[in-house]
Amino acid sequence: MNNSSPIVVTGGTGTVGHHVVDRLRDAGRRVRVVSRHDRSGDTKTGPEWAVADLGRDEGIERALAGADTVVHCATGYSRRADVRAARHLFSAARVAGIEHVVLISIVGADRIPFGYYMGKVEVELLLERSGLGYSILRSTQFHELVAGLFTRQRRLPVLLTPDIRIQPIAATEVADELARLAADPPAGRVPEVGGPEIIDARDLARTYAASIGARKRIWPIRLPGRAFAAFRAGNNLTPERAVGVQTFSEHLG
């Protein structure tokens, strides 16, 4: 790896991506963030910016020019969008001579028949079959995602919670691992990472409500279907890889 070459980060303004950008820049690496909008501003003090649309296959080869490593954090929050964007990115990466693609994925994606998760498995397979050097890291849900589920219910008199357990992890800790992988040679599938605690969603809701001083009734709901049966079976958990440090309550604090 050439330390003078930029590391390209897709989704570099997202929940985990912006922390990856910060980690790489703190380590003295040159970073180029891919965005659909020109956010360059003052590039003397911030990362480089490249305007590209992964979904439409526009500007990607230009965004990758001169780079040897890509950290793919972008997500379209739908199966179809994620697979289409990945196909375009990996194709352009081969043309550009990219040596290493680091991909963030989800713990249990291959065990939970949920559309978004199934898309993550398709993206993993696309990368494995692309001929590119790669590292794939699976993570449990971020603290921000869990908190967001409750925040979106702030106008409701109750907090609706699925009847499942969750193992939330700090996005900063996942970013640490992604940045480390980007600095090393391709490692293939690496050990997944999970948060320090496996907690019933009802208890997470109580912790959230207490953190904002809200007295709300917690209303658990049992969602139907094979996907939520897989969640209830704990297929979203990785107790043997509870390597995270920050708890959900500490995140809220």
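For clarity, every value in this text was computed on a predicted model and none was experimentally measured.
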message: Among residues at least two apart in sequence or on other chains, which ones pass side chain to side chain contact (heavy atoms under 4.5 Å, CB included) with Pro224?
response: none
- prompt: Which other residues belong to the hydrophobic cluster containing Val70, where Ile, Leu, Val, Met, Phe, Trp and Tyr are joined when side-chain heavy atoms lie under 4.5 Å apart, directly or via other members?
  reply: Val8, Val34, Leu54, Ile60, Leu64, Val83, Leu89, Phe90, Ile98, Val101, Leu103, Val123, Leu126, Leu127, Leu132, Tyr134, Ile136
query: How far apart are the C-alpha atoms of Thr247 and Glu197, what are their side-chain angles, what is the distance that settles it, and do they pass the side chain to side chain donor-acceptor pair (under 3.5 Å) test?
result: CA-CA 7 Å; Thr247 66; Glu197 301 176 311; 4.6 Å; no
message: Which label fits Phe231 and Phe228: parallel for a plane angle under 30°, tilted from 30 to 60°, or perpendicular past 60°?
response: tilted
Between [X] and [Y], which heavy-atom pair has the shortest distance, and what is it?
X      : Y      : answer
Pro239 : Ile198 : CB-CD1, 3.8 Å
His19  : Ala175 : CB-CB, 3.4 Å
Arg138 : Gly108 : NH1-N, 4.3 Å
Ala63  : Arg32  : O-NH1, 2.7 Å
Leu24  : Ala182 : CD2-CB, 4.3 Å
Arg79  : Gly119 : CG-CA, 3.5 Å

Hydrophobic cluster membership, [X] vs [Y], 4.5 Å side-chain cutoff:
X      : Y      : answer
Tyr116 : Leu237 : no
Leu223 : Ile112 : yes
Leu252 : Leu204 : yes

Does some side-chain heavy atom of [Y] sit less than 4.5 Å from a side-chain heavy atom of [X]?
X      : Y      : result
Thr75  : Lys120 : yes
Arg84  : Arg56  : no
His143 : Phe248 : yes
Thr172 : Arg23  : yes
Trp49  : Ser35  : yes
Leu178 : Leu137 : yes
Pro191 : Arg241 : yes
Asn236 : Gln167 : no

task: Could you tell me whether a side-chain N or O of Glu124 sits under 3.5 Å from a main-chain N or O of Ser105, the two making a donor and an acceptor?
output: no
task: Without swapping roles, check the side chain of Arg29 against the backbone of Val21 for a donor-acceptor pair under 3.5 Å.
output: no
- request: Give, for atom CD1 of Ile199 and atom OG of Ser249, the distance between the pair rounded to the nearest 0.5 Å.
  value: 7.5 Å
- line: To the nearest 0.5 Å, atom OH of Tyr208 lies from atom NE2 of His251 at 10.0 Å
Residues Glu192 and Thr238: side-chain donor-acceptor under 3.5 angstrom: yes
Does a sphere of radius 6.0 Å around [atom1] in [X] hold more than 12 heavy atoms from other residues, nucleotides or ligands, not counting ones at 6.0 Å or beyond?
X      : atom1 : answer
Arg36  : CZ    : no
Arg62  : CZ    : no
Arg202 : CZ    : no

- request: Kindly determine whether His18 and Thr13 satisfy side chain to side chain donor-acceptor pair (under 3.5 Å), including the steps that lead there.
  value: CA-CA 5 Å; His18 83 278; Thr13 61; over 6 Å; no
field: Criterion side-chain contact (heavy atoms from CB on, under 4.5 Å) on Glu173 and Val245, from CA distance to verdict
entry: CA-CA 8 Å; Glu173 294 172 357; Val245 175; 3.4 Å; yes
Just to verify, what does [X] make a side-chain hydrogen bond (donor to acceptor under 3.5 Å, both in side chains) with, not counting sequence neighbours?
X      : result
Ser211 : none
Asp203 : Arg206
Gln153 : none

- prompt: When His72 is tested against each of Val102, Val9, Asp82, Thr10 for side chain to side chain contact (heavy atoms under 4.5 Å, CB included), which residue passes?
  reply: Thr10
Member of Leu149, Val107, Ile169, Ile106 meeting the side chain to side chain contact (heavy atoms under 4.5 Å, CB included) criterion with Gln141: Ile106
field: Check against side-chain contact (heavy atoms from CB on, under 4.5 Å), Ser135 and His100
entry: CA-CA 7 Å; Ser135 301; His100 188 189; 2.8 Å; yes
Would you mind writing out the side-chain donor-acceptor pairs for residues 154-165 within the sub-3.5 Å range, not counting sequence neighbours?
{"from": "Arg154", "atom 1": "NH1", "to": "Thr151", "atom 2": "O", "distance (Å)": "3.1"}
{"from": "Asp163", "atom 1": "OD2", "to": "Arg222", "atom 2": "NH1", "distance (Å)": "2.9"}

message: Between Asp176 and Arg180, does any NZ, NE, NH1 or NH2 come within less than 4.0 Å of an OD or OE carboxylate oxygen?
response: no
message: Could you go through Val174 and Ile104, starting from their C-alpha distance and side-chain angles, then the distance that decides it, and tell me whether this counts as side-chain contact (heavy atoms from CB on, under 4.5 Å)?
response: CA-CA 9 Å; Val174 177; Ile104 178 65; 3.7 Å; yes
